Amino acid sequence: MKKSNSVKKNPEYEHLKVEKKWQSLWEKKKVYKTKEKGKKHYVLDMFPYPSGTGLHVGHPKGYIGSDVYARLKRMQGYNVLHPMGYDAFGLPAEQYALEHKIAPRKAVMDNIKMFEKQLQIIGLSYDWSRKVNTTDPEFYKWTQSIFLKLFGSWYNKEKDKAEPIETLVRIFEKEGNEKIKAHTTERTTFSKIDWNSKTPKEKQDILMNYRLAYEGWSSVNWCPVLGTVLANDEILDGPNGPVSERGGYPVEKKEMRQWFLRITAYADKLLAGLEKLDWNDSIKEIQKNWIGKSEGLIFQAPVKDSDIVLETFSAHFEACYADTFFAIAPDHPLLPKLLADRSNQEEILKKANDIVKRRESFAEGEYKEIDGIFTGCYALDPLGNGNLPIWIASFALKEYGTGIVKCSAHDERDFAFAKKFNIPLKTVLMPLDKALGEKVKDLEVCFNDMESGILTEPKEFMGRNGKDARKDMVKYLVSKGWARVHATYKIRDAVFARQRYWGEPIPLVHSKDGTINPLKDKELPLRLPEVKSYMPTGTGESPLAGVSSWVKKGLETNTMPGWAGSSWYFLRYMDPKNKKAFADKKALKYWDSVDMYVGGAEHATGHLLYARFWHKFLKDHGLVFSSEPFKTLKNQGMILGPDNRKMSKRWGNVINPNDIVSTYGADTLRVYEMFMGPFEASLPWNTDSIIGSRRFLERTWRVSPQIIEKNKKSDPDFEIILHKTIKKVGEDIESFSFNTAVSAMMVLLNKIEETLSNGKIVSEKDFEAFLKILCPFAPHITEEIWQQFGNKKPLVLEKWPKYDPKKLVSDEVKIVIQINSKVRATCVVPYGSKEEYVSGLARGLAEVEKWIVGKDVQKVVFVPNKIINFVV
RNA sequence: GGGCAAGUGGCGGAAUUGGUAUACGCGCUAGUCUUAGGAACUAGUUCCUCACGGAUUGGGAGUUCGAGUCUCCCCUUGCCCACCA
């Protein structure tokens with residue numbers, strides 16, 4: 001037994017020396033090198049973009065979390081794959097290169113060097129030998145190869161999977177396309193004779209409607225003054241419409257040739273797959289809303305005096321007997337044909353065009369104007385309400401549903417539109433509220449509440465509640481042949497092209513006959529040409545359109561978007577050096593998919609959706625063996641500046657991790673970032689609070705020389721807390737509750753100090769268990785103390801300690817005594833004591849007697865080992 | 001407008017199935033040490049009250065012996081989507 005004044009002292013803890021020592025020793029011994037055998041666990045951070053501005057303390061938060069987790073898994077005996085690499089194509093590098101007049105590749109390589117230096121001093125346990133980089137031709141060769149597979153595939157609805165385009169061509173040659181159920185852009189049908197008589201160019205145009213990667217047109221943000229296309233985040237809202245962030249010049253919409261990926265073919269699979277994923281519910285919800293599946297009915301309505309048949313989609317068809325007019329999108333492709341016989345067609349089309357222009361000049365979600373014009377045409381209501389007028393309406397969207405809506409008084413937009421243009425309305429849904437009912441009848445207000453509304457038409461449904469009648473209504477309308485069941489989706493095919501230089505070249509060749517042909521696999525990688533200028537061409541086209549050697553060969557001038565490489569990079573880590581395939585099948589089968597994926601929630605509808613889509617596509621082709629790429633997902637919250645704003649140069653509130661590491665040490669940074677609050681929460685950095693984490697580590701350092709008992713057992717009270725903490729820390733790391741894990745270890749350290757100062761024993765073996773559970777958070781200092789205890793093998797390779805379930809509870813428990821649910825006293829009783837015993841003991845206490853004397857005890861509530869409550 | 005999440009001391013935050021609210025840390029107060037300041041250590045710290053005691057988890061109601069936790073209404077904040085038929 002030692003008194004505190006005669007205790008051995010450790011010299012002051014020098015974090016710089018210790019951290020450097022262990023980082024180089026771990027590297028020398030290759031302790032984090034991944035093997036290819038044993039129970040696997042794949043822990044991955046989202047592919048970072050190495051920006052030129054360097055890291056702030058918020059960036060490593062996710063990396064520290066995943067590192068703590070990876071270290072736990074390693075200590076639990078898993079073969080852990082924990083790699084890091086870079087997503088280095090994209091706009092910021094190109095912009096940076098333009099401004100600083102250096103090649104994007106050079107800029108990116110410099111950034112990576114700086115980024116990596118900052119990461120390495122934090123002591124993250126990556127296997128750096130597996131590093132990948134999207135801008136490396138050996139990597140983007142495979143991105144191009146996957147793109148060609150998408151280009152060479154179609155989606156067979158019958159088999160519900162992607163297939164090579166050749167199978168489709170064979171069907172066309174034998175039967176035409178009439179019976180084909182495919183995910184396609186077009187609906188026209190043709191026979192085998194039609195097909196076989198078509199020119200190569202015509203065939204190619206047809207196939208383009210089926211390919212999973214296809215050429216099309218879409219509007220982009222075009223800035224005439226800058227002569228370039230802008231991304232959404234390069235645009236600001238101006239007083240007279242959108243303007244460019246740089247310079248504030250006006251931005252307009254311009255139709256540009258693009259490549260698309262037919263992600264819509266996978267909408268149902270992407271939706272269904274969400275259920276099995278261990279992801280944050282809000283991210284799943286965001287993806288679900290983004291896919292936006294809406295089930296409803298399609299009605300057909302023949303246009304009067306014409307062979308045109310309108311199709312309308314309705315998800316709220318319960319009150320369809322109230323429909324009195326049609327609304328068609330002002331940019332609907334059917335419009336010119338519909339108006340062909342009208343004498344004033346030019347006037348109408350001009351108006352429609354004006355509406356489209358006006359709508360486009362608003363920022364998304366800002367346009368709320370009610371505008372429209374009567375087409376002069378009528379279509380026959382399939383439900384027998386006669387011929388109804390067809391209006392062009394500002395609220396109708398050509399992209400959603402069929403682009404045509406059957407409208408009624410029971411929809412707010414329809415109602416407002418009809419009121420403005422004096423279109424007749426009728427009501428078939430009534431509220432129970434009489435006063436409101438009168439107003440609805442007189443068409444003073446719009447009523448659209450299906451939950452409480454009662455139907456008055458058709459007579460088969462009279463008196464029924466709108467919501468309850470929905471299912472029967474479907475059966476009724478479908479059986480009569482008036483409607484068919486249909487689902488629409490909000491998700492759109494993804495634009496897979498950028499009019500920029502710094503991206504993967506698209507490996508396609510435009511031939512003189514107008515056909516587009518893929519490069520052969522052995523011609524990959526198609527390398528980005530070295531060019532002198534990265535300036536935009538001024539026409540909106542990519543800088544590659546100005547490279548004559550490129551254009552001469554007919555090569556595609558668009559490049560791939562930033563998300564191309566990030567959609568599959570995690571597969572490359574499984575086998576990063578493979579020259580024959582993006583990864584060997586054996587490796588793909590062994591690693592299967594990412595077990596723990598950590599990154600920001602802002603990628604919910606981008607990266608996380610695209611990667612799932614590519615993965616499902618690759619699975620259809622037998623190139624991967626799991627149906628989802630990321631089993632568990634954790635999203636780290638941001639670290640804000642001390643002023644509660646996003647850290648940025650602009651606010652001057654950026655905290656550099658290098659400064660923290662040199663003042664307090666990497667271990668302190670790691671412990672503090674994990675202790676700050678819940679992993680998923682966004683919290684401001686507090687420079688005052690970090691000292692607490694440093695003190696915790698220093699106290700651990702100072703107490704360690706006092707641990708001198710090798711052969712005696714620890715104090716029993718201490719053992720209980722130790723085993724509880726081992727259990728809690730393991731469980732908390734698994735669930736990413738790092739803050740409570742750290743707090744539990746602080747409690748344990750307090751107990752160690754208390755136990756020792758009371759002259760009781762903490763054995764060396766038990767203290768080492770504490771070092772082991774602290775190791776994932778603070779690997780350097782724990783490794784140093786571990787060595788001081790005479791251990792030769794590195795702590796980071798030790799096994800995670802096992803807790804003894806018998807040591808989780810003590811023999812005695814504290815029982816809370818309540819009178820009328822108010823705490824009046826406590827008492828200590830043997831574990832598992834019965835009610836009679838506790839009750840008797842409690843009644844004997846003076847503090848209790850004071851409250852029950854002279855009163856009737858009506859009821860006693862007893863919860864074993866916890867509480868006894870006397871109701872008086 | 002629709003959807004989702006959250007609201008607890010001076011601050012960051014903790015609380016298994018409903019069972020001692022405020023763990024842990026910062027800060028603050030007092031003390032020890034020190035020429036002094038800082039660091040470190042020790043003790044205290046939800047609020048009101050000299051005290052007995054009482055109040056308290058955004059506000060209001062409800063269920064219960066007992067509610068931060070469950071139910072309903074309202075307020076506030078954050079995020080996502082948005083003329084989506």
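Letters go in sequence order (proteins before strands), and every chain restarts at 1. Since the model is a prediction, treat every value here as computed from it, not as a measurement.
Residue A/Gln818 is in base contact, counting any heavy-atom pair closer than 4.0 Å across all strands shown. Nucleic acid contact class of A/Val747 (heavy atoms, under 4.0 Å, all strands): sugar-phosphate only. At the heavy-atom level, A/Ile286 lies under 4.0 Å from the strands shown only through sugar-phosphate atoms. Among the atoms of the strands shown, base atoms are found under 4.0 Å from some heavy atom of A/Gly403. Within 4.0 Å (heavy atoms only), A/Ala393 reaches no atom of the nucleic acid at all. Among the protein residues, A/Asn820 comes within range of no part of the nucleic acid, since none of its heavy atoms lies under 4.0 Å from any strand. Looking at heavy-atom distances under 4.0 Å, A/Arg694 makes no contact with the nucleic acid at all. Among the protein residues, A/Glu369 comes within range of the nucleic acid bases, having at least one heavy atom under 4.0 Å from a base atom. Using a 4.0 Å heavy-atom cutoff across all strands shown, A/Asp688 reaches sugar-phosphate atoms only and no base atom.
In summary, A/Lys61 and A/Glu673 do not engage in a salt bridge, as defined by a charged side-chain N under 4.0 Å from a carboxylate O. For A/Arg359 and A/Asp371, the salt-bridge test fails: no basic side-chain N is under 4.0 Å from an acidic carboxylate O.
Pairing for B/C72 goes to B/G60, judged as Watson-Crick or G-U wobble with the two contacts each under 3.5 Å. Under the Watson-Crick or G-U wobble criterion, with both distances below 3.5 Å, B/A40 is paired with B/U32. Pair check for B/C24 finds B/G12; Watson-Crick or G-U wobble, both atom distances under 3.5 Å. Under the Watson-Crick or G-U wobble criterion, with both distances below 3.5 Å, B/G1 is paired with B/C81.
With distances taken from any side-chain atom of A/Ser282 to the nucleotides B/C41, B/C4, B/C65, the minimum falls on B/C4. Across B/A15, B/C65, B/G13, the shortest atom-to-atom separation from the side chain of A/Asn739 is found for B/G13. Comparing B/G13, B/G53, B/G19 by their nearest atom to the side chain of A/Pro678 picks out B/G13. In this structure, the nucleotide among B/C26, B/C81, B/A85 sitting nearest to the side chain of A/Ile691 is B/C26. Listed nucleotides B/C84, B/G53, B/A40 differ in distance to A/Lys850; the shortest reach to its side chain belongs to B/G53. Nearest nucleotide to the A/Met746 side chain, out of B/G25, B/A40, B/C65: B/G25. Listed nucleotides: B/U20, B/A40, B/C4. Nearest to the side chain of A/Val823: B/U20. Considering only the side chain of A/Ser743, B/C24 comes nearest among B/A85, B/C26, B/C24. Comparing B/G19, B/C81, B/G3 by their nearest atom to the side chain of A/Lys490 picks out B/C81. Closest to the A/His316 side chain, of the nucleotides B/C83, B/C4, B/A85, is B/A85.
Spacing of C1' atoms, B/U17 relative to B/G7, comes out at 24 Å, to the nearest Å. Nucleotides B/U64 and B/C24 have their C1' atoms positioned 32 Å apart, rounded to a whole Å. Distance noted for atom C1' between B/C47 and B/G10: 12 Å (whole Å). B/G38 and B/G27: their P atoms are spaced 13 Å apart (whole Å). Taking the C1' atoms as reference points, B/G18 lies 35 Å from B/C28, given to the whole Å. Going from the P atom of B/U46 to that of B/G25 covers 15 Å, rounded to whole Å. A distance of about 42 Å separates the C1' atoms of B/A15 and B/U34, rounded to the whole Å. The separation of B/G31 from B/G13, taken at their P atoms, amounts to 33 Å, rounded to a whole angstrom.
Nearest heavy atom pair, residue A/Lys253 against residue A/Asn221, reads NZ-OD1, 3.5 Å.
Proximity of A/Arg695 to the phosphate of B/C26: a side-chain N or O atom is located under 4.0 Å from OP1 or OP2. Between A/Arg702 and the phosphate of B/C41, there is a side-chain N or O to OP1/OP2 separation shorter than 4.0 Å. In terms of phosphate contacts, A/Asn869 brings no side-chain nitrogen or oxygen within less than 4.0 Å of OP1 or OP2 of B/U20. The phosphate of B/G19 has neither OP1 nor OP2 within less than 4.0 Å of any side-chain N or O from A/Lys822. Side-chain nitrogen and oxygen atoms of A/Lys859 include at least one within less than 4.0 Å of the OP1 or OP2 phosphate oxygen of B/C65.
Protein atom CD of A/Glu602 is 23 Å distant from nucleotide atom P of B/C4, rounded to whole Å. Put simply, CG on A/Asn865 is 18 Å from P on B/U17, counting in whole angstrom units. What separates CH2 of A/Trp279 from P of B/C80 is a distance of 17 Å, to the nearest Å. Distance NE2 (A/His410) to P (B/A85): 18 Å, rounded to an integer number of Å. For the pair A/Tyr489 OH and B/A82 C1', the interatomic distance rounds to 21 Å; values are reported in whole Å. Rounding to whole angstrom units, CZ of residue A/Phe679 and P of B/G12 are separated by 20 Å. Atoms CD1 (A/Ile819) and P (B/G53) sit 13 Å apart, rounded to a whole Å. Atom CZ of A/Arg492 and atom P of B/C84 are 13 Å apart (whole Å).
Each of A/Phe313 and A/Ala681 was matched to the nucleotide of RNA chain B holding its nearest heavy atom; the match closer to the 5' end belongs to A/Ala681. Residue A/Leu683 is the one, among A/Leu683 and A/Ser821, whose nearest nucleotide of RNA chain B lies closer to the 5' end (criterion: closest heavy atom).
Judged by distance alone with a 3.5 Å cut-off, a donor-acceptor contact links the side chain of A/Lys866 to the base of B/U17.
In B/G68 the O4'-C1'-N dihedral to the base is more than 90° from 0, which defines an anti nucleotide.
The CG atom of A/Leu338 lies 5.0 Å from the CD1 atom of A/Ile390; values are rounded to the nearest 0.5 Å. In this structure, OG1 in A/Thr324 is found 8.5 Å from CG in A/Asp414, a value given to the nearest 0.5 Å. Atoms CZ and CZ, from A/Phe679 and A/Phe736 in turn, are 5.5 Å apart once rounded to the nearest 0.5 Å.
Without hydrogens or angle criteria, A/Lys426 side chain to A/Tyr321 main chain gives a donor-acceptor distance under 3.5 Å.
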**Prompt:** Where do A/Phe415 and A/Phe417 land on the ring-ring contact (aromatic ring centres under 6.0 Å, His included) test, with the steps shown first?
**Reply:** CA-CA 5 Å; A/Phe415 186 88; A/Phe417 188 85; over 10 Å; no
**Prompt:** Do A/Thr488 and A/Tyr400 pass the side-chain hydrogen bond (donor to acceptor under 3.5 Å, both in side chains) test, and can you show the C-alpha distance, the side-chain angles, and the key distance before you say yes or no?
**Reply:** CA-CA 7 Å; A/Thr488 66; A/Tyr400 191 76; 3.1 Å; yes
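Scanning for side chain to side chain contact (heavy atoms under 4.5 Å, CB included) contacts around A/Glu295 gives A/Lys293, A/Ala487, with sequence neighbours left out.
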